[in-house]
Amino acid sequence: SISENRSFANDKSPLQIFVKAKKRINDIYDEINEYVIETFHFVNDLPHDIDIVDKAEKELFESYIFKVSAIREVLHRDHMKVAFFGRTSNGKSSVINAMLKDKILPSGIGHTTNCFCQVEGVDGEDAYLVKEGSDEKLNVVNIKQLANALCQEKLSESSLVRIFWPRERCHLLRDDVVFVDSPGVDVSANLDDWIDNHCLDADVFVLVLNAESTMTLAEKSFFHTVSKKLSKPNVFVLNNRWDAAADEMEFQDSVRTQHLERCLDFLSKELKVCSEKEAAERVFFVSAKETLNARIFESKGQPPHLGAITDGFQTRYFEFLDFERKFEECISKSAVKTKFEQHSSRGRNIGNDMHLMLENIYDRSNVMKKEKGGVKKKLTDRIQSTESNLMQITREMKQKIHNMVEEVEKKVSTALNEEI
Ligand code: GDP
């Protein structure tokens with residue numbers, strides 16, 4: 001059945017690297033959270049009449065509860081983000097729709113949006129959109145209405161419209177990929193603002209070119225700016241509208257070679273974001289319109305080739321699939337690295353800090369036991385029991401933090417080396 005096919009495809013998706021790592025690190029932070037709370041209560045409940053711990057220290061322990069809960073909140077919201085750029089009408093919206101297997105973003109003449117559109121998954125069955133600066137959920141009944149809503153509004157060019165789409169309708173949304181469509185790089189003067197507002201946290205950039213023409217200065221300069229702000233951004237290049245090349249069979253190969261060389265040079269020599277070998281895995285010749293057509297037929301249980309625009313459909317369709325696979329692998333690994341490495345090092349710092357504090361308290365109780373030893377049997381007993389508790393808790397803390405850091409580091413390095 002279709003749904004079986006879908007879940008089969010999902011289990012093999014490289015996006016699972018991110019999904020699993022996220023689940024794992026969330027579970028670990030649940031444990032850390034319990035542990036931090038437990039430690040705080042233990043320290044907070046230490047008797048006042050024996051000066052083992054003071055008020056400032058108790059407050060510091062409490063502050064770790066807030067820190068950990070802030071990290072957990074960020075973790076729950078962590079996602080993978082891909083941003084699409086290129087001139088208007090090159091097919092950015094069509095590529096996104098093809099990947100989402102549905103006509104979600106309006107495309108075509110007269111539907112040029114001059115704002116950013118973000119598509120993200122949401123629980124439940126209803127799609128809606130939210131404009132920047134508003135909390136109102138505007139119902140999206142169909143694509144036409146969405147298109148009108150986007151066109152009629154006088155939206156400023158760097159504002160963001162968020163489209164919430166039921167995550168169960170597409171595995172990319174279900175697995176926490178967020179899509180950002182941009183106004184054309186040819187119609188905007190504020191590229192710097194754009195990048196600052198919408199791109200600095202993107203894990204992958206996709207440059208959508210029109211295979212019928214050559215890369216323009218506007219398209220190039222945008223990525224020059226991006227690569228100045230981000231060290232080695234992940235850039236994919238799609239030569240879209242490749243179906244048009246099929247009409248001129250005799251030139252197809254030479255056109256492809258020429259485009260390919262230019263794209264490879266651009267990525268490896270001009271932007272220097274990757275080696276030439278890596279760049280070869282980043283450049284594709286596709287037809288977004290055709291792929292979307294094919295997928296709409298597929299979703300109705302019909303064969304994809306019914307969506308063919310012209311000869312050579314199979315090759316273009318497979319190349320789109322190849323792009324998606326490499327894209328999923330890249331975004332998943334990149335997001336694991338940038339997001340979770342940070343969380344694990346923060347977790348390690350919190351663990352080390354708390355560990356150090358507990359050791360200080362432990363040392364103090366040791367000194368105190370010696371000083372007060374023999375003075376009052378009762379007090380000594382209490383210090384002794386506090387001390388053994390502390391010893392145990394310090395030991396546990398050390399072990400847990402150690403396990404956590406190991407676990408996360410292992411996860412990150414596996415994710416980065418995993419071959420799917
Ligand atoms: P955007 O402005 O970059 O978002 O471009 P759109 O996705 O809106 O596409 C502009 C027009 O080009 C639409 O009419 C699309 O149907 C058409 N288009 C997009 N991709 C392809 C393609 O691969 N082949 C062909 N023949 N037309 C395409």
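Hydrogens, waters and symmetry mates are skipped; everything else that's a heavy atom, side chains included, is used. Order of appearance sets the numbers: ligands from 1, and atoms from 1 within every ligand.
Among Ser94, Cys117, Ser182, Ala211, the residue whose heavy atom lies closest to atom 15 (C) of ligand 1 is Ser94. Atom 27 (N) of ligand 1 has its nearest heavy-atom neighbour, among Lys92, Lys289, Glu212, in Lys289.
When only interatomic distances are considered, the shortest N/O to N/O separation between Asn240 and ligand 1 falls below 3.5 Å. For a threshold of 3.5 Å applied to N or O pairs, the pair formed by Asp243 and ligand 1 contains at least one separation below that value. For ligand 1, the polar-atom distance check against Trp242 finds no nitrogen or oxygen pair separated by under 3.5 Å. At under 3.5 Å, not a single nitrogen or oxygen of Ile309, backbone or side chain, sits near a nitrogen or oxygen of ligand 1.
Stacking of Lys92 on the aromatic ring of Phe84 is not recorded, the 6.0 Å distance cut-off and the 45° axial limit not both being met.
Looking at His343 and Asp78, their side chains do bring a donor and an acceptor atom within 3.5 Å of each other.
Set against the non-hydrogen atoms of Ala288, the atoms of ligand 1 under 4.0 Å away are 23 (O). Set against the non-hydrogen atoms of Gly91, the atoms of ligand 1 under 4.0 Å away are 1 (P), 3 (O), 5 (O), 6 (P), 7 (O), 9 (O), 19 (C). Each of the atoms 2 (O) of ligand 1 lies under 4.0 Å from some heavy atom of Thr88. Ligand-side atoms of ligand 1 in range of Ser287: 22 (C), 23 (O), 24 (N), range being under 4.0 angstrom from any heavy atom.
In this structure, Phe323 has its ring center under 6.0 Å from that of Phe320. Aromatic rings from Phe61 and Phe40 are positioned such that their centres are separated by 6.0 Å or more.
Ligand 1 lies within reach of Arg87, whose nearest heavy atom is under 4.0 Å from it. The shortest heavy-atom distance from Ser89 to ligand 1 is under 4.0 Å. Taking 4.0 Å as the cut-off, Gly86 does not count as a neighbour of ligand 1 on heavy-atom distance.
Between the Arg295 side chain and the Ala98 main chain, a donor and an acceptor come within less than 3.5 Å of each other.
Applying the side-chain hydrogen bond (donor to acceptor under 3.5 Å, both in side chains) criterion to Glu328, with sequence neighbours excluded, gives Ser13, His171. Evaluation of the salt bridge (Lys or Arg N to Asp or Glu O under 4.0 Å) rule for Asp176 yields Lys22, Arg167 as partners, not counting sequence neighbours.
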Q | CA sep, side-chain torsions, deciding dist, call: Cys117, Leu105, side-chain contact (heavy atoms from CB on, under 4.5 Å) | A | CA-CA 8 Å; Cys117 288; Leu105 292 173; 3.9 Å; yes
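A salt bridge links Asp30 to Arg72: one of the charged nitrogens lies within less than 4.0 Å of a carboxylate oxygen.
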